[in-house]
Asker: 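Dumping the structure here so I can ask a few things about it.
Note that the coordinates shown come from a computational prediction; the quantities given were computed from them, not determined experimentally. The first residue of the sequence shown is numbered 1, and numbering continues consecutively from there.
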Amino acid sequence: MFVKRLVFVFLLLAALSSFAGRAMAQSEPQQFVVVYVEFKPADTRAGREVLEELASLAEDSSGVIRFDVLQQTDRANFFALFEIWTNAQSFADFQNSSTTQAILTQLTPLLEAPLDQRPGNLLTGAVNPRSQHAQARQIFVVTHVDVDPQNVPQARPLLDTFVNDSLNDPGAQTFALLSQTPTLNHFQLVETFANLKAFEDHLSEQHTVDFRTNIDPLLGAPYDERLYQFVKP
């Protein structure tokens, strides 16, 4: 009888341990990453090709959810990468692989400034799947919001409300607020619109005007909003 009880307790503990492990794995947040890339103007085409190679590698990697190459609309030599990974470890594994490092080494002589990589987590909003058929017209917006550290408690509700209001704007396909790790007073607004007019209409919405008016005195640096279009791998 004692042996049966001992076996039961052992199996119960094993099951609880397995459940706890799965629960911890499920609670791991997705890893979001925004990378700003600035090429020397003469090396823009070559740099774009290397970024496309990096995107193709990422798409074949385990743990990738999304990997977009973006080109700034008003500065052709400025690019950005928008990445979503299942967790921080899958992103680290990709970054540290010898193949990824070899591609990043190819980028170095083409850059006019070091890569500006900003990892973070989703705080508010939603990132919808990319619409392939509308890709040519879509506008992708990344805004760096640098809040004075002492003003974060006042800024967060403004940011959350702005995101939730903007998700209802016509033509808004994605609108999300990301943290920036480990600089928790830095945020990224990630937005996708069906086209430029939808983005411009969003700018004219009263809730956008109110947000910009109210957030401005809380900032520690200028509001940095950049428009991009998708680069097809």
Asker: Which distance, rounded to the nearest 0.5 Å, do you find between the CG of Leu51 and the CD of Gln106?
Answerer: 10.5 Å

Asker: Which heavy atom in Leu111 sits nearest to a heavy atom in Lys40, and how many Å separate them?
Answerer: O-CE, 3.3 Å

Asker: Measuring only between side-chain heavy atoms, which start at C-beta, is Leu123 closer than 4.5 Å to Arg156?
Answerer: yes

Asker: Decide yes or no on side-chain contact (heavy atoms from CB on, under 4.5 Å) for Arg66 and Val127, but give the supporting numbers first.
Answerer: CA-CA 10 Å; Arg66 180 165 175 169; Val127 179; 3.6 Å; yes

Asker: Look up atom CD1 in Ile139 and atom CZ in Phe193, then write down how far apart they are to the nearest 0.5 Å.
Answerer: 10.0 Å

Asker: Considering residues at least two apart in sequence or located in another chain, which fulfil the salt bridge (Lys or Arg N to Asp or Glu O under 4.0 Å) criterion with Glu49?
Answerer: Arg45

Asker: Mind checking whether Leu110 and Val50 have side chains closer than 4.5 Å, heavy atoms only?
Answerer: yes

Asker: Measure across Ser204 and Val209 and return the closest heavy-atom pair with its distance rounded to 0.1 Å.
Answerer: O-CG2, 4.4 Å

Asker: May I ask you to say whether Arg212 pairs ionically with Asp210, meaning some side-chain N is under 4.0 Å from a carboxylate O?
Answerer: no

Asker: Which atoms form the tightest heavy-atom contact between Ser62 and Trp85, and what is the distance?
Answerer: O-CZ3, 4.0 Å

Asker: Measuring from atom CG of Leu189 to atom CG of Leu159, what distance do you get when rounded to the nearest 0.5 angstrom?
Answerer: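 Nearest 0.5 Å value for the CG-CG distance: 6.0 Å.
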
Asker: Main chain of Phe78, side chain of Arg226: is a donor-acceptor contact present, judged purely on distance under 3.5 Å?
Answerer: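 Not a single qualifying donor-acceptor pair exists.
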
Asker: When the aromatic ring centroids of His144 and Tyr223 are compared, is their separation below 6.0 Å?
Answerer: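 For His144 and Tyr223, the ring centres are not under 6.0 Å apart.
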
Asker: Kindly indicate whether the side chain of Tyr228, heavy atoms from C-beta on, has any atom under 4.5 Å from the side chain of Val142.
Answerer: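 Yes, close enough: below the 4.5 Å cut-off.
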
Asker: Using distance alone, with no hydrogens and no angle criterion, decide if Gln72 and Asp74 have a side-chain donor and acceptor under 3.5 Å apart.
Answerer: yes

Asker: Is the backbone N or O of Asp160 less than 3.5 Å from a side-chain atom of Thr124, with the two atoms forming a donor-acceptor pair by type?
Answerer: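 No.
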
Asker: Please check if Leu177 and Leu122 belong to a single hydrophobic cluster, counting links between Ile, Leu, Val, Met, Phe, Trp and Tyr side chain heavy atoms closer than 4.5 Å.
Answerer: no

Asker: Identify the two heavy atoms, one from Val231 and one from Leu70, that lie closest to each other, and give their separation to 0.1 Å.
Answerer: CG2-C, 4.2 Å

Asker: Please report the C-alpha distance between Val145 and Asp224 in whole Å, then the side-chain angles of each, then the deciding distance to 0.1 Å, and finally whether the side-chain contact (heavy atoms from CB on, under 4.5 Å) criterion is met.
Answerer: CA-CA 7 Å; Val145 186; Asp224 185 3; over 6 Å; no

Asker: How are the rings of Phe82 and Phe32 set to each other: parallel, tilted or perpendicular (split at 30° and 60°)?
Answerer: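 Phe82 vs Phe32 ring planes: tilted.
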
Asker: Between atom OG1 of Thr174 and atom CD of Gln138, what is the distance when rounded to the nearest 0.5 Å?
Answerer: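 Interatomic distance, Thr174 OG1 to Gln138 CD, rounded to 0.5 Å: 8.5 Å.
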
Asker: Does Asn185 reach the main-chain N or O of Val147 with its side chain, forming a donor-acceptor pair under 3.5 Å?
Answerer: yes

Asker: Consider only side-chain heavy atoms of I, L, V, M, F, W and Y, link residues closer than 4.5 Å, and tell whether Leu219 and Val141 are in one cluster.
Answerer: yes

Asker: Which heavy-atom pair separates Leu57 from Ile103 by the least distance, and what is that distance?
Answerer: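 Taking every non-hydrogen atom into account, CD2-CD1, 3.8 Å.
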
Asker: Taking Thr183 for its side chain and Gln180 for its backbone only, find out whether a donor-acceptor pair lies under 3.5 Å.
Answerer: no

Asker: State, with a plain yes or no, whether a side-chain heavy atom of Val34 is found less than 4.5 Å away from one of Leu81.
Answerer: no

Asker: List the residues meeting salt bridge (Lys or Arg N to Asp or Glu O under 4.0 Å) with Arg75, not counting sequence neighbours, and say none if there are none.
Answerer: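 Partners of Arg75 by the salt bridge (Lys or Arg N to Asp or Glu O under 4.0 Å) criterion come out as none, since no residue qualifies.
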
Asker: Please give me the minimum heavy-atom distance between Gln31 and Pro119, naming the atom from each residue.
Answerer: NE2-CB, 3.5 Å

Asker: Measure from the side-chain N and O atoms of Asn77 to the backbone N and O of Phe39, and report whether any donor-acceptor pair falls under 3.5 Å.
Answerer: yes

Asker: Using modelled atom types only, decide if a donor and an acceptor are shared between the side chain of Asn87 and the backbone of Ser90 within a distance under 3.5 Å.
Answerer: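 Side chain of Asn87 to backbone of Ser90: a pair is present.
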
Asker: Would Gln117 and Tyr36 satisfy side-chain contact (heavy atoms from CB on, under 4.5 Å), going step by step from the backbone distance to the final call?
Answerer: CA-CA 6 Å; Gln117 182 173 281; Tyr36 292 100; over 6 Å; no

Asker: Can you find a heavy atom in the side chain of Val163 that is under 4.5 Å from one in the side chain of Thr161?
Answerer: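 No. Closest side-chain heavy atoms not under 4.5 Å.
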
Asker: With rounding to the nearest 0.5 angstrom, report the CG to CG distance, Leu115 to Leu104.
Answerer: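 One finds 6.5 Å between CG of Leu115 and CG of Leu104.
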
Asker: Check whether Lys197 reaches the backbone of Gly171 with its side chain - one donor and one acceptor, N or O, closer than 3.5 Å.
Answerer: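 Between the backbone of Gly171 and the side chain of Lys197 there is no qualifying donor-acceptor contact (under 3.5 Å).
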
Asker: Are Leu196 and Leu227 packed together at the side-chain level, in the sense that at least one heavy-atom pair is separated by less than 4.5 angstrom?
Answerer: yes

Asker: Is there a path of hydrophobic side-chain contacts, each under 4.5 Å between heavy atoms of I/L/V/M/F/W/Y residues, joining Phe140 to Leu203?
Answerer: no

Asker: Would you say the side-chain atoms of Asp43 pair up with the backbone N or O of Ala46, donor to acceptor, closer than 3.5 Å?
Answerer: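 Pair absent, no side-chain N/O of Asp43 close to backbone of Ala46.
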
Asker: In terms of hydrophobic clusters joined by side-chain contacts under 4.5 Å, are Phe91 and Ile65 together?
Answerer: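 In one cluster: no.
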
Asker: Between Thr44 and Pro41 (side chain of the first, backbone of the second, donor and acceptor by atom type, cut-off under 3.5 Å), is there such a pair?
Answerer: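 Looks like yes, one N/O pair under 3.5 Å.
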
Asker: To the nearest 0.5 Å, tell me how far Asp68 CG sits from Ile84 CD1.
Answerer: 8.0 Å

Asker: Give a yes or no answer on whether the side chain of Thr100 reaches the backbone of Phe94 with a donor-acceptor pair at less than 3.5 Å.
Answerer: yes

Asker: Kindly indicate, with the supporting measurements, whether the criterion side-chain contact (heavy atoms from CB on, under 4.5 Å) is fulfilled by Phe67 and Leu54.
Answerer: CA-CA 9 Å; Phe67 197 105; Leu54 183 66; 4.0 Å; yes

Asker: Just wondering, do His207 and His202 contact through their side chains at under 4.5 Å, heavy atoms?
Answerer: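 Of all side-chain heavy-atom pairs linking His207 with His202, at least one is under 4.5 Å.
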
Asker: Can we call the ring centroids of Phe162 and Phe211 under 6.0 Å apart?
Answerer: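 Judged by ring-centre distance (under 6.0 Å), Phe162 and Phe211 do meet the cut-off.
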
Asker: So do Asp146 and Phe187 actually touch side chain to side chain, heavy atoms under 4.5 Å?
Answerer: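 Side chain of Phe187 against side chain of Asp146, heavy atoms only: no contact under 4.5 Å found.
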
Asker: Treat each ILVMFWY residue as a node, draw an edge where side-chain heavy atoms are under 4.5 Å apart, and state whether Leu167 and Phe199 are in one component.
Answerer: yes

Asker: If you measure only the distance, is there a donor-acceptor pair under 3.5 Å linking the side chains of Gln173 and Glu191?
Answerer: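 Absent: no donor and acceptor within the cut-off.
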
